[in-house]
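A, B, ... follow the sequence lines: proteins, then strands. Residue 1 opens every chain.
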Amino acid sequence: MKAHLHTLLAQALQQLRQDKLLPDDAPTDIPLEHTRDRARGDFASTLALALAKTARRKPRELAEQLVAALPASDRIARVEIAGPGFINFFLTSTAHQSVINEILDQGDAFGRSNRGEGRRVQVEFVSANPTGPLHVGHGRGAAFGATVANLLEAIGYQVHREYYVNDAGRQMNILATSIWLRYLEHCGERFRFPSNGYQGEYVRDIATRLYAERGGVYMVAAAPIFRNLPQDEIRNENGDIVIAGDKEAHIDALVERTQRLLGDHHYRYIFERGLNAILDDIRDDLREFGVVYDEWYSERTLAECGAVNKTINRLRDAGYVYEQDGALWFRSSAFGDEKDRVVERENGQTTYFASDIAYHLDKFERGFDWVIDIWGADHHGYVPRVKAALQALGENPDKLDVLLVQFAILYRNGERAQMSTRSGEFVTLRELRQEVGNDAARFFYVMRKSEQHLDFDLDLAKSQSRDNPIYYIQYAYARVSSVLRQLRDKGLVRDEARGRASLALLTEPHEEALLMALSRYPEVVETVARIHEPHQLAHYLRELATAFHAYYNEHRVLVPDDALRDARLNLSLATRQVIKNGLNLLGVSAPEVM
RNA sequence: GCCCCGGUAGCUCAGUUGGAUAGAGCGCACCCCUCCUAAGGGUGAGGUCACAGGUUCAAUUCCUGUUCGGGGCGCCA
């Protein structure tokens with residue numbers, strides 16, 4: 001409908017241009033939007049106001065000429081000029097009602113479009129280090145990323161969902177070492193666990209499984225392991241330092257000792273066992289959350305195939321690498337970054353940043369038209385250097401969009417609840433899903449603008465009332481399903497064709513309001529997908545549900561009049577379809593019964 | 001110090017990229033089931049859109065500055 005009006009206005013604009021009523025340099029954009037107030041029609045355009053300046057004409061006069069030049073349309077009841085020069089369009093009832101047929105014809109496809117024209121876009125999200133289970137912060141990235149991907153798919157992009165697995169580097173070595181130490185504890189050895197080791201209960205679980213599978217083959221007496229290591233930092237229960245030390249140096253030395261004592265073969269095995277256990281857990285967790293990937297991309301394979309070194313060489317060849325203090329630096333400041341960045345350390349190891357450049361170069365070389373990264377907001381300072389690197393490598397940094405997601409803070413009984421009561425660690429995504437359910441979690445995570453801090457109210461997410469938007473929306477869906485069951489129980493049969501022939505009977509204000517809401521859906525999807533703001537879809541669905549509940553409360557669907565009943569059933573089913581389509585994009589289920 | 005995000009009703013937040021009288025939910029005060037799920041609907045009170053300038057026919061929206069809150073500024077990942 002909006003496109004139709006847009007075409008009409010474009011033709012009118014063209015007409016005025018031909019009649020030399022406008023200068024050649026007049027703007028060609030045509031503003032058109034839904035009105036907030038129905039008294040001002042269905043759509044309003046500020047075209048005349050926008051043209052007034054360059055044309056040096058009175059806006060109202062221009063508006064009159066534009067309206068006079070508008071081609072006739074049977075979908076428009078009348079056009080009014082209001083205020084300083086707004087052009088207000090009032091649609092016919094038939095035009096309002098026709099959206100029902102559109103929805104019923106298109107079904108699950110209603111709201112989808114081909115704006116993206118099959119262009120390939122990669123969405124990389126979550127990508128948490130595989131050193132432990134996902135926590136609630138990752139959950140927001142997962143829900144947001146999955147929804148952004150769904151939305152882009154809905155508007156015609158070919159979407160590739162990817163998880164970057166940081167399976168190389170220091171953190172993974174610390175994990176392998178932690179597992180081995182817990183394994184030794186399981187074997188009966190006693191020692192002080194390193195303060196910078198992975199303390200989580202899941203590490204013990206992996207160690208216990210390792211013992212069950214392999215027995216005592218990795219057993220080594222604890223005492224020599226810790227001999228002559230740099231002093232660890234030791235704190236008491238209150239967090240006060242009891243013995244000062246260098247915990248970083250301690251853990252690094254411990255990792256080295258672990259590798260030496262175990263030997264390469266055994267070390268690799270424990271490393272792989274830990275990595276796989278955690279990755280399997282993350283994969284299961286996300287799949288249960290409705291988040292599925294096309295690819296799990298390994299950082300290690302990048303290094304192993306020499307891509308990291310090759311990338312550094314390419315940067316060097318381009319003249320953006322220099323040596324200083326024994327390290328190799330990338331001159332990112334040449335591309336707007338605030339300072340240069342190390343790509344290879346004094347000890348010869350490449351940095352995480354170097355891997356990331358290679359990874360992003362690889363993304364571009366895989367031929368994506370558009371690359372989207374979804375990161376935690378704490379990584380925002382990282383954006384300029386990645387873009388700088390891409391530019392230095394001759395790629396177009398504008399093809400990369402980085403979307404930042406702020407933290408989610410859990411609240412229970414009005415108080416912060418970041419820590420799990422059971423383990424004393426960060427609440428995991430799995431615990432959250434078990435507590436509030438997948439639907440509420442998916443919905444609450446995307447309810448707020450991503451760059452806004454999210455206060456996640458656990459009590460609200462669990463409550464079954466109007467306060468809880470997810471129940472409120474799902475309830476609207478279930479109500480329509482319930483009406484259909486009632487219809488059957490009364491021995492009545494729905495006649496869709498009769499309903500379609502009787503749409504003119506839908507003249508109640510509540511029905512018109514509902515029709516208006518339904519007709520907005522395709523535009524909402526398109527806008528929300530384009531600007532990556534799923535929260536607006538969540539808000540739209542609540543508004544749609546509000547319109548339906550108000551209607552349902554005021555008028556009966558199952559009336560004796562066959563024609564009216566079938567028309568209302570079609571309207572109700574169209575509403576149900578749109579709710580389902582919208583919830584589907586958000587990864588939320590639409591239950592038949594509640 | 002520099003960078004990013006935010007400041008809108010008592011609370012939590014929207015505001016369709018600059019439009020007409022700034023919205024919703026909760027909370028508060030009332031009202032509505034002989035009737036398809038009251039897990040619902042309705043009425044009312046509640047605002048200097050942080051502050052000060054600027055651009056514009058038009059600013060909550062864009063620009064500059066100030067202020068308050070959150071986060072980030074490693075040869076960590």
Side-chain angles (χ1 to χ4, degrees), chain A residues 31 33-37 39-40 44-46 49-50 52-53 58-59 82-86 88 128-129 131 166 168-172 174 248 299 324-329 338-339 341-347 349-353 355-356 376-384 404 406-407 409 411 414 447-455 457 460 463-469 471-472 474-476 478-487 489-490 510 520 523-524 526-528 531 533 535-536 538-540 542-543 546 548-559 568 572 593-594:
Chain A
E33 57 186 19
H34 281 278
T35 54
R36 286 182 189 157
D37 184 352
R40 301 192 189 116
S45 176
T46 54
L49 294 166
K53 181 147 198 195
K58 287 180 183 165
F86 293 98
N88 293 340
N129 281 349
T131 51
N166 300 129
R170 180 168 175 258
Q171 296 305 322
M172 288 308 299
I174 294 174
E248 304 289 348
E299 178 188 0
Q324 187 182 309
D325 302 331
L328 287 183
W329 296 71
E338 53 192 26
K339 54 175 279 201
R341 310 290 173 177
V342 172
V343 285
E344 190 179 307
R345 275 170 273 188
E346 199 179 355
N347 64 13
Q349 285 185 319
T350 53
T351 58
Y352 174 83
F353 176 48
S355 295
D356 225 11
D378 51 340
H379 285 64
H380 91 268
Y382 207 72
V383 179
L404 301 173
Q406 290 282 356
F407 297 119
I409 300 164
Y411 282 85
M447 205 163 57
R448 300 280 175 249
K449 210 187 306 183
S450 62
E451 60 256 39
Q452 179 95 282
H453 290 272
L454 173 69
D455 290 338
D457 186 335
L460 180 60
S463 84
Q464 306 195 354
S465 71
R466 138 140 243 185
D467 324 358
N468 183 350
Y471 272 89
Y472 185 74
Q474 288 180 320
Y475 181 42
R479 268 187 153 172
V480 178
S481 302
S482 169
V483 169
L484 290 180
R485 287 191 294 274
Q486 291 285 332
L487 179 78
D489 292 350
K490 291 185 177 185
H510 281 101
R520 276 175 51 212
E523 290 161 42
V524 169
E526 175 147 348
T527 304
V528 161
I531 63 178
E533 293 193 352
H535 72 280
Q536 291 199 43
H539 283 273
Y540 164 81
R542 199 178 46 71
E543 281 167 31
T546 301
F548 180 74
H549 286 308
Y551 172 49
Y552 182 93
N553 204 61
E554 192 68 22
H555 301 285
R556 293 186 62 78
V557 175
L558 301 180
V559 290
R568 287 183 171 175
S572 301
V593 186
M594 288 179 73

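Which of B:G15, B:G40, B:C5 sits closest to the side chain of A:Glu451 comes down to B:C5. For A:Thr46, the side-chain atoms get nearest to B:G19 when compared with the rest of B:C36, B:G19, B:U16.
Atom NE2 of A:His510 is separated from atom C1' of B:C32 by 13 Å (rounded to the nearest Å). Computed from coordinates, the A:Glu543 CD to B:A14 P distance equals 13 Å when rounded to whole Å. Going from atom CG of A:Leu404 over to atom C1' of B:G70 covers 14 Å, rounded to whole Å. Atom CZ of A:Arg448 is separated from atom P of B:G15 by 10 Å (rounded to the nearest Å). Between the CD atom of A:Gln452 and the C1' atom of B:G15 there is a distance of 13 Å, rounded to whole Å. Here B:G40 presents its P atom at 7 Å from OH of A:Tyr472, a figure rounded to the nearest Å. Taking atom OH of A:Tyr551 as the reference point, atom P of B:C36 lies 16 Å away to the nearest angstrom. In this structure, the CG atom of A:Leu454 is 8 Å from the P atom of B:C13, given to the nearest Å.
The closest side-chain heavy-atom distance from A:Thr46 to A:Phe86 is below 4.5 Å. Contact annotation: the side chain of A:Glu523 approaches that of A:His34 to within less than 4.5 Å [non-hydrogen atoms, C-beta and beyond]. The closest side-chain heavy-atom distance from A:Arg170 to A:Tyr352 is not below 4.5 Å. In this structure, the side chains of A:Arg542 and A:His539 come closer than 4.5 Å at one or more pairs of heavy atoms.
For A:Asp467, the side-chain hydrogen bond (donor to acceptor under 3.5 Å, both in side chains) partners at least two apart in sequence or on another chain are A:Ser465. For A:Pro384, the side-chain contact (heavy atoms from CB on, under 4.5 Å) test picks out A:Asp337, with sequence neighbours left out. In this structure A:Asp457 satisfies the side-chain contact (heavy atoms from CB on, under 4.5 Å) test together with A:Asp459, A:Leu460, sequence neighbours excluded. A search for side-chain contact (heavy atoms from CB on, under 4.5 Å) contacts involving A:Ala52 returns A:Pro59, A:Leu62, not counting sequence neighbours.
With a cut-off of 3.5 Å on both Watson-Crick or G-U wobble distances, the partner of B:A58 is given as none. Partner assigned to B:C26 is B:G10, using Watson-Crick or G-U wobble distances below 3.5 angstrom. Of the nucleotides present, B:G65 is the one that pairs with B:C51 by Watson-Crick or G-U wobble criteria, both distances under 3.5 Å.
Among the heavy atoms of the strands, none lies under 4.0 Å from A:Gln474.
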_Each nucleotide in nucleotides 71-77 of chain B should get exactly one letter: B, S or -. Can you fill that in based on protein heavy atoms under 4.0 Å?_
BSS-BSB

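Looking at which nucleotide of RNA chain B each of A:Lys449 and A:Val593 is closest to, the 5′-most match is held by A:Lys449.
Between A:His549 and A:Tyr472, the ring planes are tilted. Angles from 30° to 60° get that label.
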Which protein N or O atoms sit under 3.5 Å from an N or O of nucleotides 20-27 of chain B?
{"from": "B:A20", "atom 1": "OP2", "to": "A:Arg36", "atom 2": "NH1", "distance (Å)": "3.2"}
{"from": "B:A20", "atom 1": "O2'", "to": "A:Arg40", "atom 2": "NH2", "distance (Å)": "2.2"}
{"from": "B:A20", "atom 1": "N6", "to": "A:Asn88", "atom 2": "OD1", "distance (Å)": "2.8"}
{"from": "B:A20", "atom 1": "N1", "to": "A:Asn88", "atom 2": "ND2", "distance (Å)": "3.2"}
{"from": "B:A24", "atom 1": "O2'", "to": "A:Arg542", "atom 2": "NH1", "distance (Å)": "2.7"}
{"from": "B:A24", "atom 1": "O2'", "to": "A:Arg542", "atom 2": "NH2", "distance (Å)": "2.8"}

